[in-house]
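Just below is one structure, and these are the notes that go with it.
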Amino acid sequence: MSPNIERLEREIHATADPVARAELYAQLAGYLVRTGFFEESRRILGDLRADFSHGRNPRVSVWIMFVEGLLHYYAEFSPKAMERMRGAQAIALASNCAPIAALASAWKAQFEFEASKFDAMTESLKIALSHAEENDHDALSRIGIILCNAFEYCSNKVQVQHWFRRTHAHAVASGDQASIEALQHNRAVIRISALFVGQCFNELDSESLRFMKTEISSAMGLQALIGINALTNQILLAQAQLQIIEGKFTQAIDTLLRVPDLRPYASHNYCRELIDLEIGYSLFRSGQMDAALHRCTGLDTSAFDRLDTDDRLVAAWMRRCMCRADARQGDARTAQSEFLAARRRYVEQRRHLANLLSAFELA
């Protein structure tokens, strides 16, 4: 059993005050969500709603709203996650509940980072940091995870290491194995994505490639060891990308064919059209030109518009590669123009994020 769950259950049994017990139960429900035990979390939420109906205690209401936001995120990647988290943040701030205000603000920043809303993310992080005390390990570890991800995206290795160490310490202090797993999981996914994007700039670090094979295996092993059942499909997407980078196209196709069945996925990093393009590209690189054409014919490339900037860049790069080699895939000049535009957007976005992150750099 997770040390965090053991700690929460001990505190629940030792607490007589009904409001304090309810808050601890909400924290337990939130941790269960993050490890993929959704039904158990829903059962706790149902009990809390029954015991604290009609919002008769603002603190408990905020905790319920916060856990509902996590459920919408982990179970279905629903936009309702942001609605609930924004509501939890607003009520916590209005009622001066600093710990939950810090935690809700941190998770709101997480959602904003994933949606590439970096200005809003920055403001949410500042609110979270201003309300978090030194022993608010849950909020501080989530803040650190976001900043590790953001600095990793900008290839700022020095700041990644600073924030990784700080975040790991907070997660260990609360027995939060889910956050420890998230640190390793997210680092593997973002670094593989960076390798994938590197091909668009004619950059491929063979040493980093060898390291990533070990890192993704470690991330998958840690998920299994800790018993994390949430968001495991994200590692599968990263594994397929790594196989494409390595030139293991048959394996990549097999992995990609499994991806659509392992929902949920977020709309910003998944669409069926992207999977079809990656399969088509793998067929193309395997010399199966007709099969690649069949896979990509009629592909609705407008679906890529809702993806992250880095995914859109890789999609444009793959399209350019195929159009250059096989005129049946499309006009090569158009594909080149779309690729250059996608690359400019990516560079500009990274530069903007790096500027925003300067406010969070550690010495």
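Because only heavy atoms are used, hydrogens play no part in the values below, and waters and symmetry mates are left out as well, while side chains stay in. All residue numbers refer to positions in the sequence shown, counting from 1.
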Please report the C-alpha distance between Arg344 and Glu348 in whole Å, then the side-chain angles of each, then the deciding distance to 0.1 Å, and finally whether the salt bridge (Lys or Arg N to Asp or Glu O under 4.0 Å) criterion is met. CA-CA 6 Å; Arg344 282 194 299 272; Glu348 290 167 2; 5.5 Å; no
Worked check of salt bridge (Lys or Arg N to Asp or Glu O under 4.0 Å) between Arg191 and Glu152: CA-CA 7 Å; Arg191 286 183 176 179; Glu152 188 73 67; 3.1 Å; yes
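- Nearest heavy atom pair, residue Ser41 against residue Val67, reads OG-CG1, 3.8 Å.
- Residues Phe111 and Ala81 come closest through the heavy atom pair CE1-O, 3.6 Å.
- With hydrogens and angles left out, the side-chain atoms of Asp300 and Ser302 include a donor and acceptor closer than 3.5 Å.
- Between Leu28 and Ile5 there is a side-chain heavy-atom pair separated by less than 4.5 Å.
- Cluster membership check: Leu195 shares its hydrophobic cluster with Leu256, using side-chain heavy-atom separations under 4.5 Å among Ile, Leu, Val, Met, Phe, Trp and Tyr.
- In this structure the side chain of Asp51 never reaches within 4.5 angstrom of the side chain of Pro18, judged on heavy atoms.
- A donor-acceptor contact shorter than 3.5 Å links the side chain of Ser2 to the backbone of Asn4.
- One side chain, Gln89 or Ser105, offers a donor N or O that lies under 3.5 Å from an acceptor on the other.
- Taking CG of Leu237 as the start and CZ of Arg258 as the end, the distance is 11.0 Å to the nearest 0.5 Å.
- Between Cys296 atom SG and Leu283 atom CG the span is 8.0 Å, to the nearest 0.5 Å.
- Atom OG in Ser179 sits 4.0 Å away from atom CD1 in Ile145 (nearest 0.5 Å).
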Would Phe151 and Glu361 satisfy side-chain contact (heavy atoms from CB on, under 4.5 Å), going step by step from the backbone distance to the final call? CA-CA 9 Å; Phe151 280 117; Glu361 290 184 358; 3.9 Å; yes
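- Side-chain contact between Arg187 and Phe164 is present, with heavy atoms from C-beta onward closer than 4.5 Å.
- Grouping the Ile, Leu, Val, Met, Phe, Trp and Tyr side chains by contacts below 4.5 angstrom, directly or via other members, places Phe37 with Leu8.
- A side-chain N or O of Arg165 and one of His162 form a donor-acceptor pair less than 3.5 Å apart.
- Distance check, rounded to the nearest 0.5 Å: OG of Ser61 to CZ of Arg49 gives 11.0 Å.
- In this pair, Tyr153 and Phe118 present their aromatic rings tilted. The plane angle is within the 30 to 60° band.
- Between the side chains of Glu273 and Thr301, no donor N or O sits under 3.5 Å from an acceptor N or O.
- Shown are Met85, Glu112, Gln110; of these, the side-chain contact (heavy atoms from CB on, under 4.5 Å) with Ser124 is made only by Glu112.
- Listed for the Arg343 side chain is a donor-acceptor partner under 3.5 Å among the backbone atoms of Cys200.
- Residues Leu93 and Ile127 are in side-chain contact: their nearest non-hydrogen atoms beyond the backbone lie under 4.5 Å apart.
- In this structure, Asp138 and Gln27 approach most closely via the heavy-atom pair OD2-OE1, 4.5 Å.
- Between Asn149 and Ile190, some side-chain heavy-atom pair lies under the 4.5 Å cut-off.
- Side-chain N/O atoms of Tyr73 and Ser78 include no donor and acceptor closer than 3.5 Å.
- For Lys126 against Phe360, the heavy-atom pair with the smallest separation is CG-CZ, 4.0 Å.
- Checked by atom type, the side-chain pair Tyr31/Gln177 shows no donor-acceptor distance below 3.5 Å.
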Would Leu71 and Phe38 satisfy side-chain contact (heavy atoms from CB on, under 4.5 Å), going step by step from the backbone distance to the final call? CA-CA 7 Å; Leu71 260 173; Phe38 303 139; 4.0 Å; yes
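- Asn57 places a side-chain N or O within donor-acceptor distance of the main-chain N or O of Val60, the cut-off being under 3.5 Å.
- Under the 4.5 Å side-chain heavy-atom criterion for Ile, Leu, Val, Met, Phe, Trp and Tyr, Met322 and Leu293 are members of distinct hydrophobic clusters.
- Of the possible polar contacts, one joining the Gln159 side chain to the Leu362 backbone as a donor-acceptor pair under 3.5 Å is found.
- When all heavy atoms are compared, the tightest approach of Gly280 to Arg295 is N-CG, 4.0 Å.
- Nearest heavy-atom pair, Gly144 versus Thr167, reported as atom, atom and distance to 0.1 Å: CA-OG1, 2.9 Å.
- The side-chain contact (heavy atoms from CB on, under 4.5 Å) with Ile279 is formed by just one residue from the set Val259, Ile244, Leu257, Leu274; it is Leu257.
- The pair Glu39-Arg43 does not count as a salt bridge, with every side-chain nitrogen at least 4.0 angstrom from each carboxylate oxygen.
- Going from atom CG of Asp331 over to atom CD of Glu338 covers 9.0 Å, rounded to the nearest 0.5 Å.
- Here the side chains of Asp290 and Arg328 are in contact, with some heavy-atom distance below 4.5 Å.
- In summary, the side chains of His13 and Glu9 do not present any donor paired with an acceptor at a separation below 3.5 Å, with no hydrogens or angles considered.
- With hydrogens and angles ignored, the 3.5 Å screen pairs a side-chain donor or acceptor of Arg21 with a backbone N or O of Ile12.
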Can you check side-chain contact (heavy atoms from CB on, under 4.5 Å) on Ile91 and Met65, steps first, answer last? CA-CA 10 Å; Ile91 296 172; Met65 191 176 292; 3.7 Å; yes
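- For the ring-ring contact (aromatic ring centres under 6.0 Å, His included) condition, the pairs that include at least one residue of residues 122-143, sequence neighbours left out, are His137-His170.
- Although no hydrogens or angles enter the test, the distance criterion places no donor-acceptor pair under 3.5 Å between the side chain of Asn186 and the main chain of Leu183.
- Considering only heavy atoms from C-beta on, Leu313 comes within 4.5 Å of Phe201 through its side chain.
- Residue Asp176 is tested with His168, Arg142, Arg34 for a side chain to side chain donor-acceptor pair (under 3.5 Å); the sole match is Arg34.
- With Met121 as the fixed residue, the side-chain contact (heavy atoms from CB on, under 4.5 Å) test singles out one of Leu147, Leu356, Ile146: Ile146.
- Between Trp317 and Tyr281, the gap from one ring centroid to the other is short of 6.0 Å.
- Judged purely by distance below 3.5 Å, without hydrogens or angles, the side chains of Ser155 and Arg350 pair a donor atom with an acceptor atom.
- Interatomic distance, Gln336 CD to Phe339 CZ, rounded to the nearest 0.5 Å: 6.5 Å.
- Under the rule for a salt bridge (charged side-chain N to carboxylate O under 4.0 Å, His left out), Glu83 has no partner lying at least two apart in sequence or in another chain.
- Using a 4.5 Å heavy-atom threshold, the side chains of Trp63 and Phe52 count as separate.
- Here the side chain of Thr255 pairs no donor or acceptor atom with the backbone of Ala240 at under 3.5 angstrom.
- A side-chain donor-acceptor contact under 3.5 Å links Asp310 and Ser193.
- With Arg319 contributing its side chain and Gln329 its backbone, the two residues share a donor-acceptor pair below 3.5 Å.
- Both the sub-6.0 Å distance and the 45° axial angle are not jointly satisfied by Arg312 relative to the ring of Phe304.
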